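Because the structure is predicted, anything quoted here is derived from the model rather than measured. Side chains are part of it too, since the values below use all heavy atoms of this structure and drop only hydrogens, waters and symmetry mates. As the structure lists them, so they are numbered: ligands from 1, and atoms in each ligand from 1.
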Amino acid sequence: MYKQGPIGVFDSGYGGLTVMKELVKKLPQYDYIYLGDNARAPYGTRSFDTVYHYTLECVQHLFDMGCRLVVLACNTASAKALRSIQQNDLPRIDPDRRVLGVIRPTAEIVGNYSKSRKVGVMGTAGTIASESYPIEIEKFFPDITVHQQACPMWVPLVENNEWNDAGADYFIRKYIGQLLSRSPDIDTIVLGCTHYPLLLNKIKRFVPEGMTILSQGTIVAESLADYLQRHPEIEAVCSKNSTRTFYTTDAPEGFDKQASVFFDAPVTSKHLSL
Ligand code: DGL
């Protein structure tokens with residue numbers, strides 16, 4: 001039996017905290033280590049190769065800190081790095097460790113919400129260009145048509161604490177308008193970026209009434225609970241002392257203030273040098 005370790009949660013910056021908040025709510029008994037690569041965020045505009053290398057480096061750090069299971073709480077990393085890490089790197093590093101993403105759990109349930117079978121996906125330019133959502137959703141719900149919209153300004157608005165200002169409205173309205181112009185029948189929108197839940201209240205104001213908007217935190221938490229139930233060998237190596245530890249690759253002072261908004265609770269982080 002392997003030594004037990006915390007569940008690692010990774011994101012390019014703050015966004016993954018919206019997922020970790022729900023993981024902690026749903027599965028409070030486990031230990032968690034969060035790592036935000038704030039020094040190199042955003043990832044959404046970077047190439048496949050860069051996102052892959054950055055993500056792999058961070059996953060390796062989480063493994064070095066004892067994690068046997070890591071959740072990529074970032075759509076861009078899930079879209080551009082997860083498959084290579086699972087298929088090429090894990091067998092070499094340690095075939096008994098696991099890395100999971102956020103796109104598949106979302107794709108698995110989206111068809112349960114849409115009546116019109118027209119779904120909109122909003123994400124970073126990288127996630128949208130990867131076509132990961134249409135590919136994954138097709139596997140579970142081949143009758144659904146996916147319309148995608150890149151929202152390159154949304155992560156900067158959130159990362160720079162500007163999402164509540166009037167200036168944010170322009171870009172929120174703009175991308176929603178562009179998405180809905182592709183098909184007026186879209187009845188379900190996936191917020192395919194872990195930063196976007198912070199924009200949820202504003203997004204709701206600019207979509208037609210009755211639109212279902214899916215944020216990923218609770219979806220990923222449900223999916224992880226189910227995964228751990230189906231994989232008792234992985235569950236057994238997750239330590240259970242309810243600790244939460246936070247690392248950022250940038251300065252902790254700046255991180256903590258912003259992070260507590262995403263996590264909805266005080267955060268005290270440590271610096272991780274890459
Ligand atoms: N949080 C990331 C995601 O879910 C994107 C942020 C970034 O561009 O770094 O896609």
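- No donor-acceptor contact under 3.5 angstrom links the side chains of D256 and T268, judged on distance only.
- For the residue pair T76 / T124, a side-chain donor-acceptor distance below 3.5 Å is found, with atom types taken as modelled.
- Side-chain contact check for D37 and S12: no donor-acceptor pair (N or O, by modelled atom type) lies under 3.5 Å.
- Between F10 and Y34, the ring center distance fails the sub-6.0 Å criterion.
- Remark: ligand 1 atoms within the under-4.0 Å shell around heavy atoms of T124 are 5 (C), 8 (O), 10 (O).
- Residue-ligand proximity, S12 to ligand 1, at heavy-atom distances under 4.0 Å covers atoms 6 (C), 7 (C), 9 (O).
- Annotation for ligand 1: atoms under 4.0 Å from non-hydrogen atoms of D11 are 1 (N), 2 (C).
- Shown in contact with T76 at under 4.0 Å from a heavy atom are these atoms of ligand 1, numbered in order with element: 3 (C), 5 (C), 10 (O).
- Compare V158, T127, N75, I128 by their heavy atoms: the one nearest to atom 3 (C) of ligand 1 is in N75.
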> Please walk me through it: do S242 and Y32 pass side-chain contact (heavy atoms from CB on, under 4.5 Å)?
Replying inline: CA-CA 8 Å; S242 301; Y32 294 88; over 6 Å; no
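- At the top of the distance list for atom 8 (O) of ligand 1, counting protein heavy atoms only, stands G44 N, 2.8 Å.
- Between the side chains of R182 and Q149, a donor-acceptor pair is found at a separation under 3.5 Å.
- The atoms of ligand 1 that sit less than 4.0 Å from any heavy atom of Y43 are 7 (C), 8 (O), 9 (O).
- The closest approach between any non-hydrogen atom of G13 and ligand 1 is not below 4.0 Å.
- Among all non-hydrogen protein atoms, the one lying nearest atom 2 (C) of ligand 1 is C74 SG, 3.3 Å.
- Enclosure of atom NZ in K139 by more than 12 non-hydrogen atoms of other residues, nucleotides or ligands within 6.0 angstrom is indicated.
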